[in-house]
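For this chain, numbers begin at 1 and follow the sequence in order. Heavy-atom basis, side chains included; hydrogens, waters and symmetry copies ignored. On a predicted model such as this, the values are computed, not experimentally measured, just so you know.
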Amino acid sequence: MAVLYFVKPIMVTVAAILHFSNYAFSAVAAILAVKLFRHYRHCGWLLLAVAFLSPFGFLLLRFVHDRPLFPYRSFGPGVNGLPHVTIHYDIPGFYMLVVAALLLLIRDARGGR
């Protein structure tokens, strides 16, 4: 029974890390897009940088509308009136691929060093 006691905090910690990594990867992607703008001087890179900041916009909207800021877990009705906690694992695969692609573009822009 002692093993089950530690499973829940670990699951919540992993879900929180995955949720916050979404913000970290989107910020890195925006920074890389700005670096590409500085090299190529095309405004499309700035538009792409703003698009990568959308998770922060959603965070601001949740704050304004008084919703939970970090929805990696939700609470609902359970058995016998006890609350049921659902943990959401959201792997930021899109932003991982975007950061990798932008790093390759930056390397190509610098001459393949």
Side-chain angles (χ1 to χ4, degrees):
M1 260 337 220
V3 174
L4 293 177
Y5 178 73
F6 291 108
V7 171
K8 187 84 166 174
I10 291 172
M11 291 170 45
V12 171
T13 304
V14 168
I17 288 170
L18 288 174
H19 183 76
F20 291 121
S21 67
N22 193 16
Y23 296 104
F25 279 119
S26 67
V28 169
I31 290 169
L32 292 176
V34 169
K35 283 186 178 184
L36 283 168
F37 167 74
R38 289 181 182 169
H39 185 271
Y40 289 113
R41 297 289 181 206
H42 293 292
C43 65
W45 291 113
L46 287 180
L47 292 174
L48 196 61
V50 171
F52 289 144
L53 293 177
S54 63
F56 293 102
F58 293 137
L59 181 68
L60 179 67
L61 286 175
R62 283 194 296 267
F63 178 74
V64 168
H65 292 290
D66 199 28
R67 303 289 297 160
L69 292 180
F70 306 113
Y72 59 88
R73 62 183 171 181
S74 60
F75 301 95
V79 180
N80 296 331
L82 297 173
H84 177 73
V85 179
T86 303
I87 300 171
H88 306 280
Y89 296 107
D90 184 23
I91 299 172
F94 172 73
Y95 288 111
M96 287 181 195
L97 290 175
V98 165
V99 166
L102 289 174
L103 283 173
L104 290 175
L105 285 171
I106 286 177
R107 189 178 75 173
D108 185 47
R110 290 183 178 171
R113 284 186 257 165

Taking CD1 in Ile87 as the centre, count heavy atoms belonging to other residues, nucleotides or ligands within less than 6.0 Å. Is the count above 12? yes
Check for me, please, whether Val50 and Phe56 land in the same ILVMFWY cluster - side-chain distances under 4.5 Å, paths through other members count. no
Distance in Å, Ser26 OG paired with Leu59 CG, rounded so as to fall on 0.5 Å steps: 10.0 Å
Under 4.5 Å between side-chain heavy atoms, hopping through other hydrophobics if needed: is there a path connecting Leu46 to Leu48? yes
Side chains of His19 and Pro71 in contact at under 4.5 Å (non-hydrogen atoms): yes
Side-chain donor/acceptor of Arg62 to backbone N/O of Leu69, under 3.5 Å: yes
Can you find a pair of side-chain heavy atoms, one from Leu18 and one from Asp90, that are under 4.5 Å apart? no
Same hydrophobic cluster for Val34 and Leu47, using side-chain heavy-atom links shorter than 4.5 Å among ILVMFWY? no
Over all heavy atoms of both residues, which pair between Ala109 and His39 is shortest? Give the atoms and the distance, please. O-NE2, 3.1 Å
Among residues at least two apart in sequence or on other chains, which ones pass side-chain contact (heavy atoms from CB on, under 4.5 Å) with Leu105? Leu36, Trp45, Leu102
CG on Leu61 to OG on Ser54, rounded to 0.5 Å: 10.5 Å
Taking it one step at a time, do Tyr95 and Asn22 satisfy side chain to side chain contact (heavy atoms under 4.5 Å, CB included)? CA-CA 7 Å; Tyr95 288 111; Asn22 193 16; 3.0 Å; yes
If I compare all heavy atoms of Leu53 with all of Ala30, which pair ends up nearest, and what's the gap? CD2-CB, 3.7 Å
May I ask whether Tyr72 and Ile17 are part of the same hydrophobic cluster, defined by side-chain heavy atoms of I, L, V, M, F, W, Y residues being less than 4.5 angstrom apart, directly or through others? no
Cation over ring, Arg67 on Phe63, under 6.0 Å and within 45°? no
Go through Thr86 and His88 one step at a time and tell me if the side chain to side chain contact (heavy atoms under 4.5 Å, CB included) criterion holds. CA-CA 7 Å; Thr86 303; His88 306 280; 3.9 Å; yes
Among all residues two or more places apart in sequence or in another chain, which pass the side-chain contact (heavy atoms from CB on, under 4.5 Å) test with Leu97? none
Do Tyr40 and Ile31 share a hydrophobic cluster (ILVMFWY, side-chain heavy atoms under 4.5 Å, transitive)? no
Output, in order, the C-alpha distance, side-chain angles, deciding distance and verdict of side chain to side chain contact (heavy atoms under 4.5 Å, CB included) for Phe25 and Met96. CA-CA 7 Å; Phe25 279 119; Met96 287 181 195; 3.8 Å; yes
For Phe20, check side-chain contact (heavy atoms from CB on, under 4.5 Å) against everything at least two apart and list the hits. Ala16, Tyr23, Phe70
